[in-house]
**Student:** 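Below are the structure tokens for one structure; questions will follow.
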Amino acid sequence: MLPFTIEPTPTPTPAAVRDAALVDPGFGKLFTDHMVVVRYNAAQGGWVDARVTARAPIPMDPASSVLHYAQEIFEGMKAYRLADGSTALFRPDANAQRFQASATRMAMPHVPQDLFIAAVEQLVTIDTDWFPKVEGGALYLRPFMFASEVFLGVRPALEYLFITIASPVGAYFNGGGAPVTIWASQNYSRAAPGGTGAAKCGGNYAASLVAQAEATAQGCDQVVFLDAATRTWVEELGGMNLFFVFDDGSIITPPLTGTILPGITRDSIITLARDLGMSVREEPYAFDQWRDDANSGRLRETFACGTAAVVTSVGTVKDPNGSFTIGGNQSGPVTAALRSALVSLQRGDAPDPHGWVHRVG
Ligand code: PLP
Ligand code: COI
């Protein structure tokens with residue numbers, strides 16, 4: 001594998017300043033002292049020049065092709081401080097593989113899995129003092145790659161930067177774990193068949209922002225997208241996958257049709273629920289059915305899951321025709337059991353039968 005040059009920052013954040021900031025980090029506002037940068041240059045044969053360095057602005061030519069055609073992908077993953085003081089990543093191999101799948105869709109080069117994981121490990125190691133002290137806190141890692149070639153022709157670029165930054169985080173939603181409110185977008189689609197919905201590319205999020213802004217204007221926390229072709233089926237939230245829990249204990253989550261992001265939390269929840277003896281089906285679920293089942297009581301719980309939000313109950317769903325509540329707008333027992341199973345495994349407090357906890361140091 002490509003060797004890393006390690007250049008610790010000459011001006012680290014003073015410990016007192018850092019520790020004060022770590023008491024209430026919020027989400028995605030605070031950043032550590034370092035970043036990892038690896039360059040790709042087709043003319044030089046691929047990946048070159050891997051560096052752990054001071055976090056700093058990236059000089060950008062105004063003709064860098066990402067600024068025009070948005071050839072960009074990213075990942076989101078967390079490192080946890082375990083009870084014994086060590087640090088661990090959760091399923092980094094799955095993030096590395098999804099990064100490759102996103103790269104394929106966006107006509108970008110693959111970052112080899114060992115280079116991806118090493119980049120993240122390097123950052124967790126050098127910034128190990130940046131884990132938040134709050135309950136539920138973690139070091140959120142954001143690996144991303146973009147077309148850095150200075151060229152305005154429309155074709156896959158020949159030069160890229162693969163960068164990883166880290167952000168100490170607390171909860172994604174303010175509200176202390178209360179169920180969130182979801183806005184069902186009628187006007188906007190997230191992803192169409194044959195599009196980029198299954199890739200974690202910045203463009204998907206750019207396209208979701210107007211719908212998210214509509215949700216916020218309606219007093220909702222998140223937007224839920226329906227399938228673009230028929231506007232019948234529930235797909236996912238702007239940044240989370242969805243699960244539905246019924247009165248017979250069974251669970252449904254929408255299938256990976258190519259328009260939904262294949263969440264690593266989603267995959268983990270399916271496995272953990274089955275480990276707990278629950279029945280989980282990957283099956284389309286219609287928006288109208290969701291409303292009917294919530295109103296009849298056949299649907300007991302709905303929850304959203306993702307790296308940033310972990311497992312969060314959905315209490316109310318609004319659309320232009322009205323709103324409905326699920327399970328009396330309370331967080332339910334299946335959601336709580338699955339959240340607890342996932343979080344205790346991620347934090348090293350439960351057995352790890354699937355080998356998901358990847359110790360760093
Ligand atoms: N769906 C979307 C659109 C997302 O942005 C995310 C977050 O990464 C997820 C689902 C959940 O994916 P994961 O569990 O891998 O974080
Ligand atoms: C994540 O959960 O990692 C995401 O990328 C979602 C985003 C809403 C922060």
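Counting starts at 1 for both ligands and their atoms, following the listed order.
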**Student:** Against heavy atoms of R190, which atoms of ligand 1 measure under 4.0 Å?
**Tutor:** 3 (C)
**Student:** Report yes if some N/O of N241 lies less than 3.5 Å from some N/O of ligand 1; otherwise report no.
**Tutor:** no
**Student:** Before signing off on this row, confirm whether G263 and ligand 1 have an N or O atom pair separated by under 3.5 Å.
**Tutor:** no
**Student:** Heavy-atom contacts with A308 under 4.0 Å: which atoms of ligand 2 show up? List them by number with element.
**Tutor:** 1 (C), 2 (O), 9 (C)
**Student:** For R142, take its heavy atoms, then give the atoms of ligand 2 lying under 4.0 Å from any of them.
**Tutor:** 5 (O)
**Student:** Give a yes or no on whether L261 and I270 share a hydrophobic cluster (residues Ile, Leu, Val, Met, Phe, Trp, Tyr; joining criterion: side-chain heavy atoms under 4.5 Å apart).
**Tutor:** no
**Student:** Would R190 and E235 satisfy salt bridge (charged side-chain N to carboxylate O under 4.0 Å, His left out), going step by step from the backbone distance to the final call?
**Tutor:** CA-CA 9 Å; R190 176 180 176 276; E235 294 214 310; 6.0 Å; no
**Student:** In this structure, is the centre-to-centre distance between the rings of Y140 and F27 below 6.0 Å?
**Tutor:** yes
**Student:** Could you tell me whether Y140 and ligand 2 have an N or O pair separated by under 3.5 Å?
**Tutor:** yes
**Student:** Return the residue, atom name and 0.1 Å-rounded distance of the protein heavy atom closest to atom 6 (C) of ligand 2.
**Tutor:** G239 O, 3.7 Å
**Student:** Give the atom numbers and elements of ligand 2 that come within less than 4.0 Å of a heavy atom of T307.
**Tutor:** 2 (O), 3 (O)
**Student:** What protein heavy atom sits nearest atom 6 (C) of ligand 1, and how far off is it?
**Tutor:** G239 O, 3.2 Å
**Student:** Is R98 near ligand 1, meaning one of its heavy atoms is under 4.0 Å from it?
**Tutor:** yes
**Student:** Give me the nearest non-hydrogen protein atom to atom 5 (O) of ligand 1 as residue plus atom name, then the distance to 0.1 Å.
**Tutor:** Y205 OH, 2.4 Å
**Student:** Start with the C-alpha distance between F162 and Y40, add both sets of side-chain angles, then the distance that settles ring pair (Phe, Tyr, Trp, His ring centres under 6.0 Å), and finish with yes or no.
**Tutor:** CA-CA 8 Å; F162 166 50; Y40 179 94; over 10 Å; no
**Student:** Can you pull out the closest protein heavy atom to atom 16 (O) of ligand 1? Residue, atom name and distance to 0.1 Å, please.
**Tutor:** T307 OG1, 2.6 Å
**Student:** Do F74 and Y205 make the cut of ring centroids closer than 6.0 angstrom?
**Tutor:** yes
**Student:** Report the nearest protein non-hydrogen atom to atom 3 (C) of ligand 1: residue, atom name, distance rounded to 0.1 Å.
**Tutor:** G238 O, 3.2 Å
**Student:** Look at atom 8 (C) of ligand 2 and say which protein heavy atom is nearest, naming residue and atom and giving the distance to 0.1 Å.
**Tutor:** Y172 OH, 3.3 Å
**Student:** Starting from atom 8 (O) of ligand 1, what is the nearest protein heavy atom, named by residue and atom, and what distance separates them?
**Tutor:** K200 NZ, 2.8 Å
**Student:** Please say yes or no: joined through hydrophobic side-chain contacts below 4.5 Å, possibly via intermediate residues, are I269 and V314 part of one cluster?
**Tutor:** no
**Student:** Below 3.5 angstrom, do we get any N/O pair linking K200 and ligand 2?
**Tutor:** yes
**Student:** Check this for me, if you would: do E159 and R39 make a salt bridge, where the nitrogen-to-carboxylate-oxygen distance has to be below 4.0 angstrom?
**Tutor:** no
**Student:** Check for a donor-acceptor pair, side chain of R91 on one end and backbone N or O of W356 on the other, with a separation under 3.5 Å.
**Tutor:** no
**Student:** Return the CE to CD1 distance between M278 and I251, rounded to the nearest 0.5 Å.
**Tutor:** 5.5 Å
**Student:** For atom 1 (N) of ligand 1, what is the closest protein heavy atom, and at what distance to 0.1 Å?
**Tutor:** E236 OE1, 2.6 Å
**Student:** Which heavy atom of the protein is the closest neighbour of atom 14 (O) of ligand 1, given with residue, atom name and distance?
**Tutor:** T265 OG1, 2.5 Å
**Student:** Quick one: are the ring centres of F244 and W290 less than 6.0 Å apart?
**Tutor:** yes
**Student:** Could you tell me whether R347 sits above the aromatic face of Y80, with NZ or CZ closer than 6.0 angstrom to the six-membered ring centre and within 45 degrees of the axis?
**Tutor:** no
